[in-house]
Amino acid sequence: MVNKNIQSILSVNNLSYKISSSSGFILKDVSFDVFPRDFLILLGSNGSGKSSLLKFIDKRLNSPKNTVKFEGVDVNSISTKKYSLKVKTLTQNCDDSLFPHLTLFENFNLYARNSLGSFENNIKKRDFLAKYLNDFNPELSRKLDQEVDHLSGGEKQMFALGMTLLQPPDLLLLDEHTSALDPRTADNNMKMTLSLIKKHGITCILTTHNLHMAEEYGNRIAVLQRGQILQFVHEGQKHQFTKEQMYQLFY
Amino acid sequence: MISFILSILTQVLPFMPLAIGISTSYNLLRATDMSLDGSFVLGAVVFAKLLTLGCPPFLSAFVALLGGALVGVFVSFIQRGGHIDSLLAGVLVVFILTSLNLIILGRPNVNLSSLNTLFSSGFSKSQWCGWFQVTLACLSVCFFSLLFMSSRAGLLMRSLGDNPRLLGRLGYPLELIRSLGFSFTNLLAASSGIITSQIVGYADISMGLGMTLTGICAILLGQQITRVFITTPVVRTGTDFLACLIGVFVYFLGLNFLLRLDIDPLYLKMSLGLLLIFFLRTANMSKSGAA
């Protein structure tokens, strides 16, 4: 159960969104809080508004004033540079998080500016990267001079995870980041993601349409349908929907 | 045969810096910067004007290069905020430069053959000595361009073309990097204009017409050729430079070959365009066939 005395890291208050005045709501009066070390799952079918919600949280979409607050401050008043260090996103299209036509080492050079101190020379920098990537996937540490575009889908996603967590953020947004991978690769990636989240004590929001995944990983689950939160399921609680109702939600 | 090859080289060399500029904007910045046409002429025009005013050749060249870089800053400024796209911004700048070049020069063309230029000391000794100086200048520009693209600034420029949104999210100054990129490419175009004006012996306000499109055609041709033997480029910048070099050489080879066939100059560009379409289509068809 969540302790309401702890200050929330993120709060969303009555967030509504529609593309045009004549179209329907993509998000409608969405409100919730995320507390430190939470693992919140946004569960919903395609088009339920999960990804749009994450876009407001990571500032890819501009939110109305005071509807999205990070550590008590309206996200619009936080500089992109500062915010991008605190809140990071990993999507199923890992090319969003990488420079596909640059080498792994060049990608690291661009990511490392904000995250790490200066290295004595390039050799030490390469050594650091090789060791760092070895924990993610030993193959990656041997491909430092290869372009990201030439990696396999699983390697790309693992490399994107490595770069995203080069400096662990306060809040990590995972937008169905393993959904484009085969089950075994997705499972490996998820295990790695979870171990790093645990190791660094990162607060996380994960979107999925997979009920089993939601129940396995999340300590809280928000069920979304047509842009509205239908129900919040806290750790230890059983969701209120019957199997038939859940079936209606997703199928 | 040797004279035929030498004649091609004399055309390829001054075109190389411009071709690298076009390749950088087209392949790395992912923008079709038509302003390079105007910067090519601006380089030649400013250089020629300053020489006629009695400025030393090195100072004239420096100011002309600076002019090219400023055009790049202007192109980048027009695109600021994404209100005008890069293609339109380039076309608008060429439009403006057509007037500006005429204002600077004061007349449609200026003869440089009687003036002291960067290469006149070499050519006064012998043709070989003069061409050696030209070759050295062109290769130096190419070498420093490659060096620049391998530097941190070059990496930032390449990353801007690759994923500008991510670069912004990582907190890099996008507009500054864009300005740097366009300044670099326009400076290269201006350097081509400076070298060309000295080789041909005059600066003319219409000398850059269609240069960018010619360059893009040549680069695409070079890319198709290099893809045959470099399937997985290890160093993309190096491969792009090589493609650029080969493409420009093959383009001028084709041009000179058509001239040798005594084709009426009226039909020259049309024939060359059709030949390029044939080459590109054949290369693409063989590629998809192989796949």
Side-chain angles (χ1 to χ4, degrees), chain A residues 54-55 57-61 75 78-91 93-116 118-119 121-122 125 142-151 156 159-160 163-164 166-167 169 173, chain B residues 23-31 80-83 146-178 180-181 219-220 223 226-227 230-244 287 291:
Chain A
L54 289 198
K55 281 179 185 169
I57 297 172
D58 74 0
K59 286 177 64 162
R60 274 179 287 164
L61 286 173
V75 290
I78 307 173
S79 75
T80 306
K81 189 178 174 180
K82 197 175 165 188
Y83 196 64
S84 64
L85 284 174
K86 289 179 174 285
V87 179
K88 294 184 181 177
T89 311
L90 210 52
T91 64
N93 180 13
C94 50
D95 282 350
D96 287 349
S97 311
L98 297 169
F99 299 97
H101 296 106
L102 300 186
T103 65
L104 271 62
F105 185 59
E106 286 172 331
N107 268 271
F108 170 73
N109 267 327
L110 292 164
Y111 264 97
R113 185 188 79 146
N114 289 326
S115 314
L116 306 164
S118 58
F119 289 88
N121 53 43
N122 257 0
K125 214 181 211 179
R142 288 189 279 276
K143 294 179 175 176
L144 300 190
D145 293 318
Q146 228 179 69
E147 282 184 15
V148 167
D149 216 22
H150 298 145
L151 299 178
K156 262 189 206 177
F159 183 61
M163 289 300 101
T164 305
L166 199 56
Q167 187 189 29
L173 309 175
Chain B
S23 170
T24 305
S25 70
Y26 188 73
N27 290 321
L28 303 178
L29 293 171
R30 310 280 154 95
R80 204 181 170 96
H83 300 301
L146 195 56
L147 212 63
F148 179 74
M149 291 310 292
S150 315
S151 70
R152 176 85 184 165
L155 174 65
L156 288 171
M157 273 168 52
R158 286 183 286 137
S159 59
L160 177 74
D162 215 18
N163 193 345
R165 200 173 279 183
L166 175 61
L167 197 66
R169 281 216 311 270
L170 291 174
Y172 288 95
L174 286 187
E175 296 304 333
L176 189 69
I177 299 168
R178 200 189 310 277
L180 181 76
I219 289 159
L220 287 175
Q223 281 178 347
T226 46
R227 264 181 211 156
I230 305 175
T231 45
T232 316
V234 181
V235 186
R236 189 171 283 268
T237 319
T239 314
D240 283 345
F241 269 54
L242 186 68
C244 196
K287 198 180 149 207

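Quick note on labels: first sequence line is chain A, next is B, and so on, each numbered from 1. Small disclaimer: the values here were computed from a predicted structure and weren't measured.
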Taking all non-hydrogen atoms of both residues into account, name the closest pair between S159(B) and L102(A) and its distance. CB-CD1, 3.8 Å
Where is the tightest heavy-atom contact between L110(A) and Y172(B), given as atom of each residue plus distance? O-OH, 2.6 Å
So how far is it from [X] [atom1] to [Y] [atom2], rounded to the nearest 0.5 Å?
X: R169(B); Y: K88(A); atom1: CZ; atom2: NZ; answer: 10.5 Å
X: L85(A); Y: L170(B); atom1: CG; atom2: CG; answer: 8.5 Å
X: E147(A); Y: D162(B); atom1: CD; atom2: CG; answer: 8.0 Å
X: N163(B); Y: L98(A); atom1: CG; atom2: CG; answer: 8.0 Å

Given heavy-atom pairs under 4.5 angstrom as the criterion, report whether the side chain, backbone, both or neither of L167(B) touches chain A. both
For the CZ atom on R30(B), are there more than 12 heavy atoms of other groups (residues, nucleotides or ligands in this structure) within a distance under 6.0 Å? yes
With a sphere of 6.0 Å drawn around CZ of F159(A), does it hold more than 12 non-hydrogen atoms of other residues, nucleotides or ligands? yes
Contacting moiety of D58(A), where chain B heavy atoms sit under 4.5 Å: neither
Can you tell me which portion of D96(A) sits under 4.5 Å from chain B's heavy atoms? Options are side chain, backbone, both or neither. backbone
Could you tell me whether a side-chain N or O of R152(B) sits under 3.5 Å from a main-chain N or O of N109(A), the two making a donor and an acceptor? yes
